[in-house]
Amino acid sequence: MKKRTKGYGGKVFLVGAGPGDPELLTKKAERIIKEADIILYDQLVGDEIIKSFPDEAELINVGKHAGLHKFEQDDITRMLIKHAREGKMVVRLKGGDPYLFGRGGEEAEALAAEGIEVEVIPGITSAIAVPACAGIPVTHRDCASMVTFVTGHEDPTKEKSALDWSLLAKMSGTLVVLMGVKGIECNVNALLRHGKNPETPVALIERGTTDEQKVTTGVLRNIVQLAKSAGVKPPAVMVIGDVVKLHETLGRGE
Ligand code: SAH
């Protein structure tokens with residue numbers, strides 16, 4: 001193990017890797033990654049960023065589904081604690097920003113409860129950057145004065161949803177849904193059922209900010225069908241609202 005000079009040993013850095021494009025990694029994240037003894041990273045961290053990890057660092061892909069085994073959240077937290085207690089400089093690298101979904105808050109709390117020092121290095125979130133790179137500003141003076149970020153991972157038909165879809169359907173502005181591919185039909189139907197205009201523009205942006213970016217656009221009443229025929233796969237950000245219309249003029253022509 002390299003000797004750290006800055007008193008970083010025993011500390012965990014909760015770092016945002018940005019939405020995929022390696023140039024959207026912050027300078028601070030880049031510096032901290034270079035100094036790490038061990039890096040525990042998620043599936044969503046861009047390939048180019050993974051390739052740039054220092055040779056000396058121990059690497060653990062905690063997002064990998066090796067066979068049936070998958071790291072559970074508890075395993076990850078336990079590993080962070082163990083390696084920090086061994087005096088290592090630990091980097092926990094997450095896609096986008098560590099505190100927007102992705103359970104960063106829980107990890108920081110668990111570490112704090114064990115008396116382990118945690119420093120958060122914010123990242124560029126996919127929730128804003130992915131639409132931006134597809135020519136969609138999430139707010140716009142003419143058509144969206146507010147923006148709401150939600151997880152699409154929940155089943156809206158379950159009895160106790162943490163999301164109030166009737167409220168979301170009534171809200172003006174832009175709705176940005178993360179982790180929304182699997183549940184797209186349930187979520188779109190919930191919005192329609194609660195009275196959201198079926199002609200509201202929708203965009204699905206897959207692997208945004210990377211060379212493989214793909215955009216599928218439609219309106220609320222046909223987006224489920226369009227997503228099926230286009231074979232939309234995660235990771236994707238779904239943007240619902242009038243700002244989607246700007247994709248036509250501001251997008252890269254996808
Ligand atoms: N903390 C992350 C989000 C974690 S939740 C952030 O701030 O970006 C994971 C979800 O993020 C995915 O299901 C997808 O909805 C979205 N996502 C992350 N990177 C993406 C990308 N490059 N393109 C499209 N969606 C992305």
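Because the structure is a prediction, the values reported are computed rather than measured. Whatever order the structure lists ligands and atoms in, that order sets their numbers, starting from 1.
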Output yes when the distance from some N or O of ligand 1 to some N or O of P98 is under 3.5 Å, and no in every other case.
-> no
Can you establish whether the number of heavy atoms outside E248 located under 6.0 Å from its atom CD is more than 12?
-> no
Do any nitrogen or oxygen atoms of M179 lie less than 3.5 angstrom from nitrogen or oxygen atoms of ligand 1?
-> yes
Nearest-option assignment for atom 22 (N) of ligand 1, heavy atoms, candidates A129, P19, G20 = P19
Can you find an N/O atom of T209 closer than 3.5 Å to an N/O atom of ligand 1?
-> no
Is I50 reachable from L24 through a run of hydrophobic residues whose side-chain heavy atoms are each under 4.5 Å from the next?
-> no
Residue list, salt bridge (charged side-chain N to carboxylate O under 4.0 Å, His left out) with K11, at least two apart or on another chain = E117, E119
What distance separates I49 CD1 from E30 CD, expressed to the nearest 0.5 Å?
-> 9.0 Å
V239: which of V215, I205, T217 passes side chain to side chain contact (heavy atoms under 4.5 Å, CB included) | I205
4.0 Å heavy-atom contact, K94 with ligand 1 = no
What part of Q213, side chain, backbone, both or neither, has a heavy atom within less than 4.0 angstrom of ligand 1?
-> neither
With a 4.0 Å cut-off, would you call E48 and K51 a salt bridge?
-> yes
Should you measure from each heavy atom of G95, which atoms of ligand 1 turn up under 4.0 Å away?
-> 1 (N), 2 (C), 6 (C)
Give yes if a backbone or side-chain nitrogen or oxygen of V130 is under 3.5 Å from a nitrogen or oxygen of ligand 1, and no if not.
-> no
Can you find an N or O of L100 that's nearer than 3.5 Å to an N or O of ligand 1?
-> yes
Check step by step if side chain to side chain contact (heavy atoms under 4.5 Å, CB included) holds for N187 and W165.
-> CA-CA 8 Å; N187 296 336; W165 288 91; 3.3 Å; yes
Measure from the ring center of F13 to the ring center of Y8 and say whether it is less than 6.0 Å.
-> yes
Side chain to side chain contact (heavy atoms under 4.5 Å, CB included) between L167 and H194: does it pass, once the steps are laid out?
-> CA-CA 8 Å; L167 183 66; H194 289 293; over 6 Å; no
For ligand 1, which atoms sit closer than 4.0 Å to a heavy atom of I205?
-> 24 (C)
Considering only the protein, which heavy-atom contact is closest to atom 23 (N) of ligand 1, and what is its distance?
-> G208 N, 2.8 Å
Qualifying residue, where the test is side chain to side chain contact (heavy atoms under 4.5 Å, CB included) with K196 and the options are I240, L175, V188 | I240
of all protein heavy atoms, closest to atom 7 (O) of ligand 1 is T125 OG1, 2.7 Å
Purely on distance, is any nitrogen or oxygen of T210 under 3.5 Å from one on ligand 1?
-> no
Identify the protein heavy atom lying closest to atom 14 (C) of ligand 1, giving its residue, its atom name and the separation to 0.1 Å.
-> A236 O, 3.4 Å
Atoms of ligand 1 close to S126 [distance to a heavy atom under 4.0 angstrom, numbered from 1] | 6 (C), 7 (O), 8 (O), 11 (O), 16 (C), 17 (N), 18 (C), 19 (N), 20 (C), 26 (C)
Can L44 be said to touch ligand 1, with heavy atoms closer than 4.0 Å?
-> yes
